[in-house]
Amino acid sequence: THQVHIIGGGLAGSEAAWQLAQAGVRVRLSEMRGAGDMTPAHQTDALAEMVCSNSFRSDDADSNAVGLLHQEMRALGSLVMAKADAAKVPAGSALAVDRDRFAQGVTQAIMDHPLIELVRERVDGLPAEGLTIVATGPLTAPSLADAIAGATGRDQLAFFDAIAPIVHAESIDMSIAWKASRWDKGSPDGDGKDYINCPMDKAQYDAFVAGLLAGPKTEFRQWEKDTPYFEGCMPIEVMAERGPETLRHGPMKPVGLDNPRTGRWPHAVVQLRQDNALGTLWNMVGFQTKLKYEAQVELFRTIPGLENAQFARLGGLHRNTFIRSPELLDGQLRLRAAPHIRFAGQITGCEGYVESAAVGLLAGLMTAAQIGGETLAAPPAETALGALLGHITGGADAGSYQPMNVNFGLFPPLADDIRKKDRKRGYTDRAREALAAWQTQALRNRVAVSA
Ligand code: FAD
């Protein structure tokens with residue numbers, strides 16, 4: 001029999017299972033996909049499926065908070081990072097992956113681990129006893145969401161998130177579009193041309209924005225209208241509503257992109273990023289939308305180079321469920337009202353694949369320590385892991401609590417006399433120093449099996 005029950009085999013649940021098993025703990029991992037259930041965004045039965053972008057964002061550990069988080073997770077033997085590194089595709093200084101290869105890698109490692117039992121089942125209630133980690137994500141099955149609302153004594157918050165369209169490469173007209181990275185800064189191991197760029201002149205851009213604003217959208221119910229978006233995944237039409245130039249300063253920014261046919265920057269650009277290792281699928285960067293499907297096809301085919309585009313997936317819009325963690329959880333991610341239950345992943349109100357996996361990693365390590373009769377101290381606040389955990393369990397005001405990506409704003413401030421250009425490095429150097437001692441404690445129980 002198992003010692004810990006993990007509910008949800010996404011980014012967080014898979015990582016938590018791995019961390020526990022690597023510490024010698026027997027785990028039951030329940031995943032509803034593959035047992036007749038699906039979420040509105042997932043498309044496969046694989047564990048750790050990435051539902052939208054194929055990017056883990058910046059991999060720069062010296063000047064970017066999420067890059068630093070990658071580095072900390074690798075140091076702690078993260079399964080998600082190991083499999084992401086193994087499935088990398090070119091994306092400049094970002095870590096983007098072939099999503100199928102990545103999810104298959106995670107699924108195989110979990111299935112092969114002797115201490116993990118993967119069970120394809122939907123769990124509809126919170127277990128009354130036994131150490132449990134709830135990692136059911138932003139699209140938690142409604143039955144379980146109700147049970148959580150019952151246990152927490154307050155309604156969950158729900159809001160929306162959007163999916164960017166994916167285009168078949170062969171349907172892109174490369175006599176109009178061209179490959180390049182902004183300012184020619186490509187990934188070090190690639191040819192420096194990581195994106196496909198589609199140019200627009202002013203008339204084309206203005207017509208596009210007008211079409212976007214006029215196009216039919218998926219209808220919202222009233223309570224849905226009152227709910228905010230993640231800034232990072234805001235639909236293009238919502239950006240367009242903010243003003244005619246907003247998109248040109250956002251996802252359609254042309255700066256640093258010389259069109260080889262004119263030698264100049266276009267008025268606006270639509271960028272596509274490689275979505276699979278074969279290079280056959282490309283996603284439209286930042287183009288999440290709630291436009292109706294037929295309207296998307298019609299409008300996106302007005303983009304120069306995409307006149308004959310074939311879409312592997314159109315943009316969409318989905319619910320996001322999370323709990324008011326600062327009030328409901330203690331510093332060990334345990335539900336105050338039922339401390340045998342921990343929460344992990346996006347349902348805690350972190351935001352993003354990497355952050356979700358990171359909180360899963362922490363929940364796993366903390367549970368393993370507890371089983372060993374110890375308490376694992378929270379990671380130092382100066383580290384990316386500590387800053388993220390602090391946001392979830394401590395720092396934020398519970399009333400206005402919102403999901404957040406890891407960022408330097410969550411770190412304790414640096415001394416004022418550190419100059420602006422040295423500040424990012426100041427944060428990351430300080431974090432590396434702070435992680436070292438904690439890491440030794442965190443990994444004390446490790447009896448590793450290699451990923
Ligand atoms: P998930 O990866 O969703 O895993 C939860 C798992 O639990 C799922 O496999 C689900 O099937 C299972 N489950 C749910 N209920 C039950 C139940 N009752 N019993 C058993 N199993 C259950 N982040 C980014 O960094 N970049 C993006 O581009 C991005 N786009 C997103 C787009 C959408 C539409 C959504 C909803 C989220 C997006 N996110 C994105 C946010 C977030 O990073 C991902 O959702 C991430 O997968 C969260 O990880 P998780 O492990 O918490 O949840």
Side-chain angles (χ1 to χ4, degrees), residues 5-17 28-58 66 69 80 84 94-97 99 102-103 106-107 118-127 132-148 158-164 166 229-230 232-235 273 275 283 285-288 290 313 315-323 343-361 363 403-406:
H5 186 187
I6 300 179
I7 309 174
L11 278 294
S14 301
E15 184 67 53
R28 177 187 184 98
L29 176 59
S30 300
E31 169 52 54
M32 70 174 184
R33 288 178 292 119
D37 283 289
M38 208 24 104
T39 77
H42 287 83
Q43 303 208 321
T44 74
D45 292 345
L47 303 182
E49 179 181 337
M50 300 166 82
V51 292
C52 180
S53 152
N54 65 324
S55 174
F56 285 92
R57 317 204 307 280
S58 174
V66 79
L69 187 55
V80 163
L95 174 57
V97 304
R99 67 180 76 229
F102 165 72
V106 172
T107 307
L118 173 61
V119 185
R120 300 291 187 163
E121 62 179 358
R122 193 185 71 219
V123 177
D124 289 331
L126 292 173
T132 303
I133 299 176
V134 179
T136 46
L139 305 167
T140 295
S143 51
L144 184 64
D146 283 349
I148 293 168
F159 66 101
F160 289 87
D161 209 17
I163 292 181
I166 298 179
Y229 298 105
F230 292 144
C233 228
M234 181 180 290
R273 180 170 57 213
D275 201 77
N283 62 66
V285 180
F287 263 56
Q288 315 83 3
K290 62 181 198 273
R313 189 201 271 197
L317 199 75
H318 294 281
R319 183 166 54 90
N320 185 352
T321 304
F322 67 98
I323 60 169
F343 279 80
Q346 182 124 342
I347 197 169
T348 65
C350 62
E351 157 58 9
Y353 303 136
V354 185
E355 288 84 347
S356 296
V359 178
L361 185 150
M404 181 131 22
N405 285 129
V406 68

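We count residues from 1, following the sequence as given. First listed ligand is number 1; within each ligand, the first listed atom is number 1.
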- Any chance you could measure Ile7, atom CD1, to Arg122, atom CZ, to the nearest 0.5 Å? 12.0 Å

- Value rounded to 0.5 Å, distance of OG1 in Thr321 from CG in Leu139: 6.5 Å

- Query: Does an N or O anywhere in Glu351 fall below 3.5 Å from an N or O of ligand 1?
  - Reply: no

- Query: So is Thr140 polar-close to ligand 1, meaning N/O to N/O under 3.5 Å?
  - Reply: no

- Query: Backbone N or O of Val406 within a donor-acceptor pair of the Glu355 side chain at under 3.5 Å?
  - Reply: yes

- From the options Met32, Met38, Glu31, Glu49, select the one whose nearest heavy atom is closest to atom 9 (O) of ligand 1. Glu31

- Task: With sequence neighbours excluded, tell me which residues meet side chain to side chain donor-acceptor pair (under 3.5 Å) with Thr136.
- Result: Thr140

- Just let me know how Val51 lines up against ligand 1, side chain, backbone, both or neither, with a heavy-atom cut-off below 4.0 Å. side chain

- Task: Please name the pair of heavy atoms, one in Leu11 and one in Val80, separated by the smallest distance, quoted to 0.1 Å.
- Result: O-CG2, 3.9 Å

- Can a non-hydrogen atom of Glu121 be found less than 4.0 Å from any atom of ligand 1? yes

- Geometric N/O contact Ser55 with ligand 1, under 3.5 angstrom: no

- Can you list the atoms of ligand 1 that are under 4.0 Å from a heavy atom of Ala135? 5 (C), 6 (C), 7 (O)

- Message: So if I count the atoms of ligand 1 from 1 in the order they appear, which ones are less than 4.0 Å from some heavy atom of Leu11?
- Response: 2 (O), 47 (O), 49 (O), 51 (O)

- Among Ala16, Ala12, Ser143, the residue with a heavy atom nearest to atom 51 (O) of ligand 1 is Ala12

- Below 4.5 Å, heavy atoms only, C-beta onward: do Ile148 and Ile323 meet side chain to side chain? yes

- Item | side chain to side chain donor-acceptor pair (under 3.5 Å) involving Arg120 - partner list, sequence neighbours excluded | none

- Query: Is the centre of the Phe102 ring less than 6.0 Å from the centre of the Tyr353 ring?
  - Reply: no

- Query: Do ligand 1 and Ser53 have nitrogen or oxygen atoms that lie under 3.5 Å from each other?
  - Reply: yes

- Item | Interfacing atoms of ligand 1 (cut-off 4.0 Å, heavy-atom, Gly345) | 52 (O)

- Message: Check whether Glu49 reaches the backbone of Thr44 with its side chain - one donor and one acceptor, N or O, closer than 3.5 Å.
- Response: yes

- Could an N or O of ligand 1 be found under 3.5 Å from any N or O of Ala41, whether backbone or side chain? no

- Message: Under 4.0 Å from a heavy atom of Gly10: which atoms of ligand 1 are those, numbered in the order shown and with their elements?
- Response: 1 (P), 2 (O), 4 (O), 6 (C), 9 (O), 51 (O)

- Message: Could you check whether any side-chain N or O of Asn283 sits under 3.5 Å from a backbone N or O of Ile166, counting only pairs where one atom can act as donor and the other as acceptor?
- Response: no

- Task: Under 4.0 Å, heavy atoms only, figure out whether ligand 1 is touched by the backbone of Leu144, its side chain, both or neither.
- Result: side chain

- Item | Atom indices of ligand 1, in the order listed, that fall short of 4.0 Å to a heavy atom of Cys52 | 27 (C), 28 (O), 29 (C), 30 (N), 31 (C), 32 (C)

- Message: Return the CZ to CG distance between Arg33 and Leu47, rounded to the nearest 0.5 Å.
- Response: 7.0 Å

- Message: Counting only heavy atoms closer than 4.0 Å, does ligand 1 sit against the backbone of Ala164, its side chain, both, or neither?
- Response: neither

- Given Thr44, Thr348, Val354, Val123, which has its nearest heavy atom closest to atom 18 (N) of ligand 1? Val123

- Task: Just jot down the ligand 1 atoms closer than 4.0 angstrom to any heavy atom of Ala141, in number order.
- Result: 14 (C), 15 (N), 18 (N)

- Item | Close-contact set for ligand 1 against His42 heavy atoms, below 4.0 Å | 3 (O)

- Would you say Arg99's side chain and Met50's backbone share a donor-acceptor pair under 3.5 angstrom? yes

